[in-house]
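Side chains are part of it too, since the values below use all heavy atoms of this structure and drop only hydrogens, waters and symmetry mates. The residues of the chain are indexed from 1 along the displayed sequence.
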Amino acid sequence: MKNLFRLDASIRTEGSASRALADTAEQAWLAEHPGGVVTRRDLGVHPLPGDAWTALAGAVVNPSAPAPAEARELLDRLGAELLEADAFLFAVPMYNWNIPAQVKTWIDLILNHPRLGVHGDWPLKGKPALLTLSRGGGYGPGTPKEGWDHATPYLRTILADVFGLDLHVAEAELTHAFWNPEMAHLRELAEESMKTGHENAAEHWLRVAKLSRA
């Protein structure tokens with residue numbers, strides 16, 4: 001039985017673009033894997049305790065002061081969720097031109113895992129992964145805030161380069177145009193970006209399935 005690990009990070013449970021894209025991707029994955037299991041980690045609703053990373057990192061710096069059992073058990077659970085998965089879906093919005101704080105906490109904790117961290121043995125290498133990413137504004141070439149998107153390159157570095165996942169991205173931008181009157185003139189572009197994001201999210205797992213059957 002196949003296992004999809006899904007991580008959500010938006011603090012919005014209704015109207016979230018990253019969650020909507022991930023819903024489309026999840027449905028497409030389940031269509032290719034009837035009976036598959038989806039393991040969920042919702043950081044937007046249930047953020048991780050920041051002091052867990054402090055305790056684990058402190059134990060590395062000072063081995064004579066081991067981390068509390070609660071922090072070690074949390075890291076074991078987080079690691080098991082990834083190690084037991086066959087495919088990965090990360091739904092992350094951009095907040096303040098970077099990743100949400102709750103995602104950074106999750107990443108920092110995972111990087112303390114003996115197998116998944118930077119000194120591990122790359123157990124996730126080559127496994128398929130999709131990042132559904134939403135941005136409230138536009139940050140492409142020629143835009144006023146070109147280069148302000150610090151979320152996308154960082155997530156690519158962690159998920160693809162550090163974890164070794166076979167990462168693809170389905171993204172939507174200008175999503176604030178759906179509710180911000182000052183961006184109303186960009187709503188048509190936002191709708192097109194969202195449409196393309198959903199199409200890419202739906203098609204990704206079909207491409208993965210075709211490659212695996214080839």
Side-chain angles (χ1 to χ4, degrees), residues 5-29 41-45 47-48 50 87-111 118 124 128-205 207-208:
F5 172 77
R6 172 172 171 170
L7 180 143
D8 284 280
S10 176
I11 59 174
R12 302 173 66 188
T13 56
E14 300 291 335
S16 165
S18 62
R19 288 182 187 271
L21 293 173
D23 287 343
T24 294
E26 179 182 324
Q27 292 165 11
W29 184 84
R41 170 65 62 176
D42 195 329
L43 301 176
V45 176
L48 299 169
F88 301 84
L89 175 58
F90 303 93
V92 182
M94 186 175 76
Y95 289 165
N96 299 321
W97 308 290
N98 212 320
I99 63 172
Q102 56 269 28
V103 178
K104 184 61 164 62
T105 299
W106 178 81
I107 290 172
D108 285 342
L109 284 167
I110 292 296
L111 292 181
V118 293
L124 308 183
L130 179 66
L131 168 63
T132 62
L133 185 68
S134 63
R135 296 183 289 267
Y139 301 89
T143 61
K145 291 185 177 178
E146 177 183 354
W148 284 44
D149 174 9
H150 301 286
T152 306
Y154 177 75
L155 288 169
R156 286 186 181 276
T157 296
I158 296 297
L159 299 176
D161 298 337
V162 177
F163 292 165
L165 292 168
D166 181 11
L167 181 69
H168 293 261
V169 180
E171 55 195 345
E173 63 178 14
L174 300 171
T175 59
H176 286 185
F178 294 117
W179 58 266
N180 186 345
E182 296 181 359
M183 295 178 64
H185 63 291
L186 298 171
R187 196 160 296 162
E188 185 175 345
L189 290 174
E191 290 172 350
E192 183 62 30
S193 178
M194 183 68 76
K195 178 176 179 289
T196 301
H198 278 286
E199 290 172 350
N200 289 337
E203 293 171 359
H204 172 66
W205 299 116
R207 292 195 297 268
V208 171

[Y] side chain reached by [X] side chain, heavy atoms, under 4.5 Å:
X	Y	value
R6	D23	yes
L165	F90	yes
P47	W106	no
R135	T152	yes

Give, for atom [atom1] of [X] and atom [atom2] of [Y], the distance between the pair rounded to the nearest 0.5 Å.
X	Y	atom1	atom2	result
L131	I158	CG	CD1	12.5 Å
T24	L130	OG1	CG	10.5 Å
Q102	I107	CD	CD1	11.0 Å
E173	T143	CD	OG1	7.5 Å
L174	N180	CG	CG	11.0 Å
I99	Y154	CD1	OH	5.0 Å

Would the distance check show the side chain of [X] and the main-chain N or O of [Y] forming a donor-acceptor pair, the cut-off being under 3.5 Å?
X	Y	result
W148	Y139	no
D149	A151	yes
S18	T132	no
E26	A22	no

Inset, instruction - Answer yes or no: is there an ion pair linking E191 with R187, defined by an N-O contact shorter than 4.0 Å? - result: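 No.
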Can you name the closest pair of heavy atoms from [X] and [Y] and give their distance?
X	Y	result
P128	W205	CB-CZ3, 3.9 Å
A9	Y95	O-OH, 4.4 Å
A87	W29	CB-NE1, 3.8 Å
M194	A17	CE-CB, 3.5 Å
L167	L159	CD2-CB, 4.0 Å

Inset, instruction - Using the test side-chain hydrogen bond (donor to acceptor under 3.5 Å, both in side chains), find all partners of S193 that sit at least two apart in sequence or belong to another chain. - result: none
Inset, instruction - Only counting residues at least two apart or in another chain, list the ones meeting side-chain hydrogen bond (donor to acceptor under 3.5 Å, both in side chains) with D42. - result: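 D42 satisfies side-chain hydrogen bond (donor to acceptor under 3.5 Å, both in side chains) with R19 only.
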Legend entry - From CA spacing to verdict: side-chain contact (heavy atoms from CB on, under 4.5 Å), V169, R156: CA-CA 9 Å; V169 180; R156 286 186 181 276; 3.4 Å; yes
Inset, instruction - With sequence neighbours excluded, give me every ring pair (Phe, Tyr, Trp, His ring centres under 6.0 Å) pair touching residues 155-176. - result: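 Every pair satisfying ring pair (Phe, Tyr, Trp, His ring centres under 6.0 Å) with a residue in residues 155-176: H168-H204, H176-W179.
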Legend entry - Within 6.0 angstrom of N96 CG, more than 12 heavy atoms from elsewhere: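 At most 12 heavy atoms, drawn from other residues, nucleotides or ligands, come within 6.0 Å of this atom.
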Legend entry - Crowding at CZ, R41 (>12 non-hydrogen neighbours, <6.0 Å): yes
